[in-house]
> 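Before we start, here is the structure in question, set down as structure tokens.
Each ligand, and each atom within it, is numbered from 1 in the order the structure gives.
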Amino acid sequence: MQPVTRISVVGLGYIGLPTAAVFADKGIDVVGVDVVESVVEKVNQGQPHFGEPNLDALLRRVVEAGKLRATTQPEPADVFLIAVPTPFRDGHVPDISYVETAGRAIAPVLAAGNLVVLESTSPIGTTERLSAIMAELRPDLTFPHQKGELSDVRVAHCPERVLPGRILEEVVNNARVIGGMTRKCAQQAIKVYKIVVQGECHATTARTAEMAKLSENAFRDVNIAFANELALICDTHGINPWEMIRLANLHPRVSILSPGPGVGGHCIAVDPWFIVASAPEEARLIRAARERNDGMPAEVREKVVARARELVNPVIACLGLAYKANVDDLRESPAIEVVKLIVEADIGEVLVVEPHVSSLPDSLTRLGLELTDFDVAVSRANLVVLLVDHEAFSYVDRDLLKNKFVIDTRGAW
Ligand code: SAJ
């Protein structure tokens, strides 16, 4: 493979944009591709279209230096990194259509010697499918599923692993699993990642890498489900689950996660279903964990309804809408689900607080809700429901809470 001078990142979302920026910061010419014009425009102005610590300064720097630019049309490059969404359809069926579309979009500009890496979390077999799609459109080139080590184009899967809120740090420091469709595919991908990654890069097969990534998120989901189940059991016995878990975790081989109102985001609440869909008979524990976590918002609603019934004019302050602490990401947020369920239960006035956003999503404004200031909501409410453990909420005036019912779903207060 020739030296890498130009990398194209397809999909400028939560993973693609920071990845593009860190490669550009190492002096590589990076061309970002996205189908959404407003995203392309913003990136070309050096501005991220979502919140992530330190990304704005980095993006401004690399765009001003002419190292990163964005476009809607793929252009030739040495390496293509694909970071597009992999959601599921009705019935929890994986939807890899964005990966397929990305493969079709770059196929016309591919050349012999190129490397294509799939970063999106994907069901097993997706990397092979990507290779086949590109091959269909480019019969003049050979791909690893056809020619193995002799192929013109190399294809690999290197699943992203970064934690939203710490992306720029983790994209550099995390170890990476690099699954090549052949050994040389993996080796070439490692060379590319080594430009920015300081963590270890481990070569394996594409299928193993696909399964490893799904297993990482299923591991977390199952362990959160375990914590949530313990919390429900503790409730029936009048035990504080967070205190109990803190004590159990003093054992040197025990590390229970934190219970909460459910699991959100575009990763952990989605990826385990890819395993279930691929082996429904075997994946019983993984499915049960998903169902336990998806059922948590309804458990919170039951608690809120029970408390509200004890009040004459319930005014319910719901604190936090993001899917987790200190981020502005509302995707698949269990907090939003809880708010909807509380409004549907029609038990009193509902006030919603989210300091990380400037407006509510349509799904909540349609319910007649308005964003309320934290202090106003807490002083007006007689029932306060903490849904997200944002740092901003930790400065609450305890005296203000004294004569109110408080439901703390995160064990933060
Ligand atoms: N949560 C709990 N209890 C906990 C931990 C988390 O209820 O003890 C909830 C959070 O509040 C949130 C959800 O789980 O709603 C997921 O949050 P998270 O911080 O665990 O994970 P994500 O979705 O932000 O990022 C995950 C990470 N995967 C793992 O930690 C195994 C990240 O490294 C992946 O790159 C990312 O998914 C991804 O894109 O797949």
Side-chain angles (χ1 to χ4, degrees), residues 11 13-19 50-53 83-88 118-123 157-177 199 209-232 241-242 245-246 248-249 254-275 286 289-290 292-297 299-300 320-338 356 386-390 393 408-412:
Y14 286 77
I15 304 301
L17 186 57
T19 304
F50 55 89
E52 178 61 33
V84 294
T86 44
F88 58 67
L118 177 62
E119 280 228 9
S120 316
T121 305
S122 298
H157 178 47
C158 180
E160 59 84 9
R161 291 183 137 171
V162 288
L163 194 72
R166 291 177 43 175
I167 293 182
L168 291 182
E169 196 188 320
E170 294 206 358
V171 81
V172 171
N173 295 320
N174 286 0
R176 299 297 289 258
V177 176
E210 285 162 349
M211 185 63 188
K213 167 65 197 209
L214 299 178
S215 303
E216 290 162 19
N217 282 357
F219 168 88
R220 200 151 166 86
D221 198 41
V222 169
N223 281 280
I224 297 169
F226 178 64
N228 283 335
E229 194 154 295
L230 291 178
L232 295 174
W242 288 279
I245 288 171
R246 184 177 58 78
N249 282 349
V254 173
S255 181
I256 303 169
L257 291 176
S258 300
V263 167
H266 251 36
C267 313
I268 294 184
V270 175
D271 307 342
W273 287 119
F274 296 176
I275 300 181
I286 295 170
R290 257 316 39 255
R292 166 59 73 218
N293 288 335
D294 275 353
M296 291 311 289
E299 300 285 350
V300 178
L321 295 173
Y323 85 94
K324 67 176 185 177
N326 307 321
V327 299
D328 64 358
D329 192 343
L330 309 185
R331 296 179 302 171
E332 316 287 331
S333 175
I336 290 187
E337 187 61 24
V338 171
H356 292 267
L386 182 74
L387 293 170
V388 186
D389 45 341
H390 287 316
F393 298 149
D408 175 1
T409 69
R410 298 278 183 176

> Less than 4.5 Å apart, any side-chain heavy atom of Cys267 and any of Arg220?
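When only atoms from C-beta onward are counted, Arg220 and Cys267 do not touch, as no gap falls below 4.5 Å.
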
> Do other residues, nucleotides or ligands put more than 12 heavy atoms under 6.0 Å from the CZ atom of Phe226?
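No.
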
> Just go through Val162, Asp329, Thr121, Leu163 and tell me whose heavy atom is the nearest to atom 34 (C) of ligand 1.
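Considering heavy atoms of Val162, Asp329, Thr121, Leu163, the nearest to atom 34 (C) of ligand 1 sits in Val162.
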
> Give me the residue, atom name and distance of the protein heavy atom closest to atom 24 (O) of ligand 1.
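I find the closest protein heavy atom is Tyr323 OH, 2.5 Å.
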
> For Glu216, take its heavy atoms, then give the atoms of ligand 1 lying under 4.0 Å from any of them.
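Atoms satisfying the 4.0 Å criterion: 31 (C).
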
> Looking at side-chain heavy atoms only, is the closest gap between Arg290 and Trp273 below 4.5 Å?
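Yes. Closest side-chain heavy atoms under 4.5 Å.
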
> Does Arg410 count as lying over the ring of Phe393, i.e. NZ or CZ under 6.0 Å from the six-ring centre, within 45 degrees of the axis?
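Geometry flag: not set, cation outside 6.0 Å or 45°.
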
> Considering non-hydrogen atoms of the protein only, which is the closest contact for atom 28 (N) of ligand 1, and what is the distance?
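The closest heavy atom on the protein side is Asn217 OD1, 2.9 Å.
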
> Please state which protein non-hydrogen atom is closest to atom 8 (O) of ligand 1 and give its distance, to 0.1 Å?
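Answer for atom 8 (O) of ligand 1: Ser258 N, 2.8 Å.
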
> Looking only at non-hydrogen atoms, find the nearest pair between Ala412 and Leu386 and report the distance.
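Between these two residues, the closest heavy atoms are CB-CD2, 3.7 Å.
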
> Please state which protein non-hydrogen atom is closest to atom 39 (O) of ligand 1 and give its distance, to 0.1 Å?
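Sorting protein heavy atoms by distance from atom 39 (O) of ligand 1 puts Glu160 OE2, 2.4 Å first.
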
> Check whether any heavy atom of His266 sits under 4.0 Å from an atom of ligand 1.
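Distance cut 4.0 Å: His266 fails for ligand 1.
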
> Under a 4.0 angstrom heavy-atom cut-off, which atoms of ligand 1 come close to Pro164?
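Within the 4.0 Å cut-off of Pro164, ligand 1 contributes 24 (O), 25 (O).
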
> Which bit of Arg410 is near ligand 1, meaning a heavy atom under 4.0 Å away: side chain, backbone, both or neither?
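The part of Arg410 near ligand 1 is the side chain, not the backbone.
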
> Pick whichever of Leu214, Ile268, Asn293, Asp389 has a heavy atom sitting closest to atom 26 (C) of ligand 1.
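Considering heavy atoms of Leu214, Ile268, Asn293, Asp389, the nearest to atom 26 (C) of ligand 1 sits in Ile268.
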
> Among Glu170, Glu216, Glu119, find the residue that satisfies the side chain to side chain donor-acceptor pair (under 3.5 Å) test when tested with Arg161.
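Answer to the side chain to side chain donor-acceptor pair (under 3.5 Å) test with Arg161 among Glu170, Glu216, Glu119: Glu216.
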
> Nearest to atom 20 (O) of ligand 1 by heavy atom, Glu332, Arg331, Arg220: which?
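The option holding the nearest heavy atom is Arg220.
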
> Please could you name the atoms of ligand 1 that Val263 approaches to less than 4.0 Å, counting only its heavy atoms?
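In order of numbering, the contacting atoms are 13 (C), 14 (O), 15 (O).
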
> Please state which option from Asp221, Ile224, Asn223 has its nearest heavy atom closest to atom 1 (N) of ligand 1.
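Minimum heavy-atom distance to atom 1 (N) of ligand 1 goes to Ile224.
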
> Considering only protein heavy atoms, which is closest to atom 37 (O) of ligand 1, and at what distance to one decimal place?
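Result: Cys267 CB, 3.2 Å.
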
> Report the nearest protein non-hydrogen atom to atom 19 (O) of ligand 1: residue, atom name, distance rounded to 0.1 Å.
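For atom 19 (O) of ligand 1, the nearest protein heavy atom is Lys324 NZ, 3.0 Å.
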
> I need the minimum non-hydrogen distance between Leu168 and Pro53, along with the two atoms involved.
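For Leu168 versus Pro53, the nearest heavy atoms are CD1-O, 3.7 Å.
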
> Between Lys213 and ligand 1, which residue portion shows a heavy-atom distance shorter than 4.0 Å: side chain, backbone, both, or neither?
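Lys213 to ligand 1: side-chain contact only, backbone stays beyond 4.0 Å.
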
> For atom 33 (O) of ligand 1, find the nearest protein heavy atom and state the residue, atom name and distance (0.1 Å precision).
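Protein heavy atom at minimum distance: Arg161 O, 2.7 Å.
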
> Do Glu169 and Asn173 have side-chain atoms, one donor and one acceptor, less than 3.5 Å apart?
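Not at all, the side chains of Glu169 and Asn173 share no donor-acceptor pair under 3.5 Å.
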
